[in-house]
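Note: hydrogens, waters and symmetry copies are ignored here, and every other heavy atom, side chains too, is used.
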Amino acid sequence: AEEDKMLWRIVKSKPRYDPGWRKDTLEVLRALLQKRPATRLCTLRDVGNMGLYKDYDWAKLERCELRPPFVPRLRNDEDRTYVPRRVAAQEVP
């Protein structure tokens, strides 16, 4: 049913990207979403070599010295403010 349809889309269709996204962002997404594992980005090292992350300080990241660019403000552990309504409404198995 829905899962079969989703699987078919993953296997057969091409991802659609917003034309306004930066070229280096699209480059990373296309490399991560390759259908053939042999051509897909698979390691953090490979991701780090992409243009989008060329100036990223990976050593600081490994030492947990970087501040996250966004930290959600949650009222409690059950707060779903940042979860889309259609997802938040689903039953948790």
Asker: First locate atom SG of C42, then atom CD of Q34, and finally report the distance between them rounded to the nearest 0.5 Å.
Answerer: 10.0 Å
Asker: Has K35 got more than 12 heavy atoms of other residues, nucleotides or ligands less than 6.0 Å from its NZ?
Answerer: yes
Asker: Tell me if the OH atom of Y53 is crowded by more than 12 foreign heavy atoms within 6.0 Å.
Answerer: no
Asker: When you compare the side chain of D79 with that of R73, does any pair of heavy atoms fall below 4.5 Å?
Answerer: no
Asker: So, E65 side chain and L61 main chain: donor-acceptor pair closer than 3.5 Å or not?
Answerer: no
Asker: To the nearest 0.5 angstrom, please state how far the CZ atom of R9 sits from the CG atom of D4.
Answerer: 12.5 Å
Asker: Any chance CG of N76 has more than 12 other-residue heavy atoms, nucleotides or ligands included, within less than 6.0 Å?
Answerer: yes
Asker: Take Y17 and R30 through the test side chain to side chain contact (heavy atoms under 4.5 Å, CB included) and record every step on the way to the result.
Answerer: CA-CA 9 Å; Y17 305 102; R30 287 185 180 119; 3.8 Å; yes
Asker: Once salt bridge (charged side-chain N to carboxylate O under 4.0 Å, His left out) is applied, what residue pairs with a partner in residues 16-26 remain, sequence neighbours excluded?
Answerer: R22-D24
Asker: Would the number of heavy atoms belonging to other residues, nucleotides or ligands and lying under 6.0 Å from CZ of R63 be above 12?
Answerer: yes
Asker: Of all the heavy-atom pairs spanning P72 and Y82, show the shortest one and how long it is.
Answerer: CB-CE1, 3.4 Å
Asker: Nearest 0.5 Å, what's the CD-CG distance between E62 and L44?
Answerer: 7.5 Å
Asker: Between CD of E27 and CG of L41, what distance do you get to the nearest 0.5 Å?
Answerer: 8.5 Å
Asker: Just verifying a value: how many Å separate I10 CD1 and E3 CD, rounded to the nearest 0.5 Å?
Answerer: 10.5 Å
Asker: Considering residues at least two apart in sequence or located in another chain, which fulfil the salt bridge (Lys or Arg N to Asp or Glu O under 4.0 Å) criterion with R85?
Answerer: none
